[in-house]
Amino acid sequence: MYQHSRWYAHSLNADLPNPPPGTLAGGLDSGVQDPVAQAKLKGCEPQFCHIDDIESWSTNELTINWNAPLAWISAFVAAPGANPVPDLFTLNGAACA
């Protein structure tokens, strides 16, 4: 809801839009690298460190790193006639040992 973004920052500036529905923010970062996360997430367990705060870029950033793979997988799954999951026991048509 309060994803960190330079473009979609309505919660900081009413002139800017909210993040588009369905966008994915990074998170669960054991590094807690930004000041907000450092202040609010002291002692959290690795991979459980997340805060829904627009100022927390290390745990809540909306980036292409997260959204490009989400878009690709969503398109692949939704495509009519998409290729089935490849047979795990063949490689380029040849049987694998």
Side-chain angles (χ1 to χ4, degrees):
M1 181 160 180
Y2 299 105
Q3 297 167 329
H4 175 82
S5 173
R6 291 179 182 98
W7 299 283
Y8 305 113
H10 184 75
S11 63
L12 290 178
N13 180 342
D15 293 334
L16 297 173
N18 283 312
T23 54
L24 180 65
L28 304 177
D29 181 15
S30 59
V32 289
Q33 298 144 330
D34 63 76
V36 171
Q38 289 171 351
K40 295 183 178 181
L41 297 174
K42 288 182 182 178
C44 73
E45 294 291 324
Q47 302 309 313
F48 288 95
C49 301
H50 176 74
I51 187 166
D52 189 19
D53 187 306
I54 195 165
E55 299 284 339
S56 181
W57 54 265
S58 71
T59 68
N60 201 33
E61 188 167 19
L62 166 67
T63 69
I64 196 166
N65 309 38
W66 305 113
N67 287 283
L70 174 65
W72 186 90
I73 289 173
S74 299
F76 178 81
V77 169
N83 293 327
V85 175
D87 184 350
L88 299 178
F89 299 104
T90 62
L91 180 62
N92 296 328
C96 295

> Of all residues at least two apart in sequence or in a different chain, which pass the side chain to side chain donor-acceptor pair (under 3.5 Å) check with Ser74?
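Partners of Ser74 by the side chain to side chain donor-acceptor pair (under 3.5 Å) criterion come out as none, since no residue qualifies.
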> Please name the pair of heavy atoms, one in Asp15 and one in Asn13, separated by the smallest distance, quoted to 0.1 Å.
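Looking at all heavy atoms of both residues, the shortest contact is N-OD1, 2.8 Å.
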> Which atom names give the shortest non-hydrogen contact between Leu70 and Gly22, and what distance separates them?
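Reported closest heavy-atom pair: CD2-O, 3.7 Å.
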> Please round to the nearest 0.5 Å and tell me the distance separating atom CG of Leu16 and atom OG of Ser11.
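Between atom CG of Leu16 and atom OG of Ser11 there are 9.5 Å.
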> Testing the basics here: between His4 and Ile54, what is the closest heavy-atom pair and its distance to 0.1 Å?
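Here His4 and Ile54 meet closest at ND1-O, 2.7 Å.
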> Taking the side chain as everything from C-beta on, heavy atoms only, tell me whether Tyr2 gets closer than 4.5 Å to Glu55.
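With C-beta onward as the side chain, the pair stays apart.
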> Using ring-ring contact (aromatic ring centres under 6.0 Å, His included) as the criterion, list what pairs up with Trp72, not counting sequence neighbours.
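Result, ring-ring contact (aromatic ring centres under 6.0 Å, His included) vs Trp72: Phe76.
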> Between atom NE2 of His10 and atom CD of Gln3, what is the distance when rounded to the nearest 0.5 Å?
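Reported to 0.5 Å precision, the distance equals 14.0 Å.
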> Which residues pass the salt bridge (Lys or Arg N to Asp or Glu O under 4.0 Å) test with Asp34, sequence neighbours left out?
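So Asp34 forms no salt bridge (Lys or Arg N to Asp or Glu O under 4.0 Å) with any residue.
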> Taking all heavy atoms of Tyr8 and all of Leu62, pick out the closest pair and write down the distance.
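Closest heavy-atom pair between Tyr8 and Leu62: CD1-CD2, 3.5 Å.
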> If you compare all heavy atoms of Thr59 against all heavy atoms of His50, which two are closest, and at what distance to 0.1 Å?
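Reported closest heavy-atom pair: O-ND1, 2.9 Å.
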> List the atom of Cys49, the atom of Leu41, and the distance in Å for their closest heavy-atom pair.
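Reported closest heavy-atom pair: C-CD1, 4.0 Å.
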> Show your working on side chain to side chain donor-acceptor pair (under 3.5 Å) between Asn60 and Asp52 and close with a plain yes or no.
CA-CA 6 Å; Asn60 201 33; Asp52 189 19; 3.2 Å; yes
